[in-house]
Amino acid sequence: MNKRLLFAILAVAFFVGAILRFMADGIAYGVMLLILAAASAWFSIKSKRD
């Protein structure tokens, strides 16, 4: 599996987890998952350029 696909899958998983945590009033945990989703998406975009 290439890095770009792996980071894209991680970004989607973290984003869905963050949405579910915000719905369950886990604000701090949801923010952490959003940060991880953004980082995964950034790494996915960066690995595309390499």
Side-chain angles (χ1 to χ4, degrees):
M1 185 183 305
N2 61 7
K3 283 193 268 184
R4 182 178 178 215
L5 182 62
L6 176 66
F7 284 125
I9 291 170
L10 282 174
V12 170
F14 285 138
F15 186 68
V16 169
I19 290 173
L20 292 176
R21 277 295 166 173
F22 280 132
M23 292 171 123
D25 288 333
I27 301 298
Y29 193 67
V31 170
M32 183 192 73
L33 287 175
L34 277 178
I35 291 170
L36 289 173
S40 295
W42 183 74
F43 282 125
S44 177
I45 292 167
K46 185 178 178 187
S47 68
K48 177 185 176 185
R49 286 188 249 155
D50 292 341

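These numbers were taken from a predicted model, which means no experiment stands behind them.
Although no hydrogens or angles enter the test, the distance criterion places no donor-acceptor pair under 3.5 Å between the side chain of S44 and the main chain of S40.
Put simply, I27 and L33 are part of two different groups of oily side chains (I, L, V, M, F, W, Y) that touch within less than 4.5 Å, one to the next. Tracing side-chain contacts under 4.5 Å through hydrophobic residues (I, L, V, M, F, W, Y), one never reaches I45 starting from V12; they form parts of separate clusters. Both W42 and L36 belong to a single network of hydrophobic side chains, linked directly or stepwise wherever heavy atoms of I, L, V, M, F, W or Y lie under 4.5 Å apart. Taking hydrophobic clusters as Ile, Leu, Val, Met, Phe, Trp and Tyr residues chained together by side-chain heavy-atom distances below 4.5 Å, Y29 does not share a cluster with I19. With hydrophobic clusters built from ILVMFWY side chains whose heavy atoms lie under 4.5 angstrom apart, L20 does not share a cluster with M32.
Heavy atoms from other residues, nucleotides or ligands lying under 6.0 Å from CZ of F15 number 12 at most.
Within the model, atoms CZ of F14 and CG of L34 stand 11.0 Å from one another, a figure rounded to the nearest 0.5 Å.
Side-chain contact between F7 and L10 is present, with at least one heavy-atom pair separated by less than 4.5 Å.
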